[in-house]
Amino acid sequence: MKEILTRYDHTKEPDIYARWEAEKQFVPSGKGEPYSIVIPPPNVTGDLHLGHALTYGIQDTIARHQRRLGKDVLVLPGMDHAAIAVQALVEKKIQKEQGLSRSQIGREKFLEEVWVWIKHYMPRMEGSLKRLGLSADWNRFRFTMDEHSKNAVRTAFVRLYEKELIYKSEFIINWDPKMQTTISDDEIEHLEETTPFYTFKFGPFEISTARPETKFGDKYVVMHPTDKRYAKYKDGETFECEWINGKITATVIKDEAVDPEFGTGVMTITPWHDKTDFEIATRHKLDKVQVIDQFGKLLPIAGEFAGRKIDEARKDIAQKLQDKGLLVKVDEKYRHRVAVSYRGGGKIEPQILPQWFMKATAVKEAAIKAVKSGEIKFTPKNLEKLYFHWLKNLHDWCISRQLWWGHEIPAWYDEDGRVYVADSLEEAQKQAGNKKLTQDPDVLDTWFSSGLWPFSTLGWPNEEAPDLLRYFPTNFLETAPEIIFFWVARMIMLSEALTGKIPFKQVYFHGFVLDEKGEKMSKSKGNVMDPMVMIEKYGSDALRMSLLGGNSPGTPQRYTEQKILKYRNFATKIWNASRFVAESTSSNSKVKTQKSKLDHTEEEFFKKLEKLEQKNEKNFAALKLSVALEELYEFFWHDFADQFLEYEKTAIREAESPDRVEQAKSCLLVALKRQLVILSDFAPFLVDTIEKEMLS
RNA sequence: GGGUGGUUAGCUCAGUUGGUAGAGCACUUGAUUUACACUCAAGGGGUCAGAGGUUCGAGCCCUCUACCACCCACCA
């Protein structure tokens, strides 16, 4: 036998993966009980981060375990076009490289640039996923913007429209003036800000606002119906009132949305630019007036301020009100939250615009039931509460985006503005006769196509697609709790609406991977740890085990290189214990254990090993991967390597009969092999190498 | 304002049918012609956030309090 190194050489891992692929190890056999995982497609926004390494590590560990149990395992890989995220990055890129904005470059050219981006990053990311050891069937790879996905999206849109679950309507939406698009409520984050808070006279009332620049069109003054201070003012009553640009006629409105405790308990409303105000105005059928345009500039209604940017005009407007003697007081240190686009970073300005919506009410009951009934299980279970809470308060989902990169909306308009929804222009033309049609310029929210992912990847809308029949609903979905609403809930809703089935049976949520200070890793903070660099340094298995071990589902973990060291050392330990067993048993290939001959120590050891195997299976069934790994670590290192192996080593050296030596060797070999089986879920590269180099 | 999770060794964290407190790192002492120094052996270090309750028995179940983290919400 050739000399074996004292270290596991992880640099050969890519070759091992290539061999696995060549041997078609990850192509489902089609035999046995099906077990399917459709991976959460990473955004094609760049390189993978540690969260990806964690999620795919969990999925692959589960997949390998199921495969080892004899199931017909499909792991379907794919990637997401990430409409707004990728568009923002490409816009930044062409701005930097060519000094051009997207409008300067034009839609067609811009999309070419996007594809250049995609084609650059997609292969890199595929390589990374393979480097993580993800045992996926790459023949079934899907991209959310490939032809198949496009077809699925069009079909879904048309069907939902026909079921009246999708509609177009004017509604108050979140407008991002920076990206020039609508975004959904979930794409907003709230940042605290200190800003002056003004109180003005408004007729007989005093009203407070942080945003005087929106107040030009205000002509309704609203208070709580039971507020005694204003009992003498009747709902619908009008009065003359001096305001920014002269006299106006204002109307009193009573509505429960007003908090009597806040400020003066009276407010004026700006329905075009505020959600609450919009709702009040809608309830009372009031006029809605636009004051700010899509670029964040004031419209002619602002009189002398027209054309000015809102932020700049604010102080001057307040000054004018003060000059007119309408200012009561200013609180300079008012803290409030501003809505900011999560992706683009622009300040959100609500606007009323015609947009496409998906109705929530009709499918949310089914989505609640799917989880309540236990058809879909969440791990950790407490996230079910979060899910129910969100669904209960769910409102319609704005699915159109004024972007260029994304799925085109399959809707066409004739010259009179009539809409035709169809899965192709030809079909739309059939409905429209000989009228000239133009397609809706908007694209769909990226989560619309992601929401179809578990079934669109398996062949839907072809309901006879073999993969769909065999592997849907899928068994396991692994993702981060932060996208429980964006993604998990929407997949469940869309699946119920389009297939009548649940999309998956088990959802497993991992926690955030944080830096050593407990802070989120981000490029701007410079605390990002690149999984590929860690793999270069320590090997893929060490990285995987370090992410899986020592934490529990849904809870965040602080992560340092030290943690990888622990498992890199574990890998070395396994390597050397195996090396010792292999080298000492190589002379006699026909080793076997005969239970009758086992001595007490051996018997106890094997009893304990059997217990470990049982516990391992139980832990996997309960999705306690961390516990399973830690138990394995303890057992292998301390029970096996430190004690049992030492015991047999002594026996081999000091034994008086050859039989005793044989027995010791066979015990070691059997014990090692059984442990390697369990280990192969967590450390596939290492175990494969040991088997190939030492035990074949 | 509402919700969820957390508080266990110096640090980072595990720990479910409730049964004498665990790991990694760090620390102390020792070992070595060694499978492995990415090692081994021995050891120090914990009123498991605080208070109360249930129980023969509580890190674990219940109640309250404190602090931390995250999420949600229309406070103009």
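Below, chain A is the first sequence line, B the second, and so on; all start at residue 1.
A:Gln351 meets the side-chain hydrogen bond (donor to acceptor under 3.5 Å, both in side chains) test with A:Trp272, A:Gln290; sequence neighbours excluded. Under the salt bridge (charged side-chain N to carboxylate O under 4.0 Å, His left out) criterion, A:Arg568 pairs with no residue at all, not counting sequence neighbours. Judged as a salt bridge (charged side-chain N to carboxylate O under 4.0 Å, His left out), and not counting sequence neighbours, the contacts of A:Lys537 are A:Glu561. Listed by chain and residue number, A:Lys381 satisfy the side-chain hydrogen bond (donor to acceptor under 3.5 Å, both in side chains) test with A:Glu384 (two or more places apart in sequence, or in another chain). A:His638 meets the side-chain hydrogen bond (donor to acceptor under 3.5 Å, both in side chains) test with A:Asp642; sequence neighbours excluded. A:Glu193 pairs by the salt bridge (charged side-chain N to carboxylate O under 4.0 Å, His left out) definition with A:Lys347, not counting sequence neighbours.
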Identify each donor-acceptor pair in which a side-chain atom of residues 477-489 of chain A lies under 3.5 Å from a protein atom, sequence neighbours left out, and give them as a table.
unit_1: A:Glu478; atom_1: OE1; unit_2: A:Thr55; atom_2: OG1; d: 2.6
unit_1: A:Glu478; atom_1: OE1; unit_2: A:His510; atom_2: ND1; d: 2.7
unit_1: A:Glu478; atom_1: OE2; unit_2: A:His510; atom_2: N; d: 3.3
unit_1: A:Glu478; atom_1: OE2; unit_2: A:His510; atom_2: ND1; d: 3.0
unit_1: A:Trp487; atom_1: NE1; unit_2: A:Ser450; atom_2: O; d: 2.9

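Between A:Arg558 and the phosphate of B:C13, there is a side-chain N or O to OP1/OP2 separation shorter than 4.0 Å. At B:A14, one or more side-chain N or O atoms of A:Thr555 fall inside 4.0 Å of OP1 or OP2 (strictly under the cut-off). One finds a side-chain N or O of A:Arg653 lying less than 4.0 angstrom from the OP1 or OP2 phosphate oxygen of B:A35. Within the 4.0 Å cut-off from OP1 or OP2 of B:C38, not a single side-chain nitrogen or oxygen of A:Arg568 is found.
Looking at which nucleotide of RNA chain B each of A:Ser552 and A:Leu386 is closest to, the 5′-most match is held by A:Ser552.
Comment: A:Asp185 engages A:Lys275 in a salt bridge, judged by a side-chain N to carboxylate O separation of less than 4.0 angstrom.
Rounded to whole Å, the distance from NZ on A:Lys624 to P on B:G15 is 8 Å.
Screening residues 541-559 of chain A for salt bridge (Lys or Arg N to Asp or Glu O under 4.0 Å), with sequence neighbours left out, gives A:Asp60-A:Arg544.
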Can you tabulate the close N/O pairs, meaning under 3.5 Å, that link protein atoms to atoms of nucleotides 23-29 of chain B?
unit_1: B:C25; atom_1: O2'; unit_2: A:Gln562; atom_2: NE2; d: 2.6

Distances for protein N or O near nucleotides 58-60 of chain B N or O, under 3.5 Å:
none

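RNA chain B forms stems at B:1-7 with B:66-72, B:10-13 with B:22-25, B:27-31 with B:39-43, B:49-53 with B:61-65, each a run of 3 or more consecutive Watson-Crick or G-U wobble pairs whose two key distances fall under 3.5 Å.
Sorted by residue number, the members of residues 263-279 of chain A with any non-hydrogen atom under 4.0 Å from RNA chain B read A:Gly265, A:Met267, A:Thr276.
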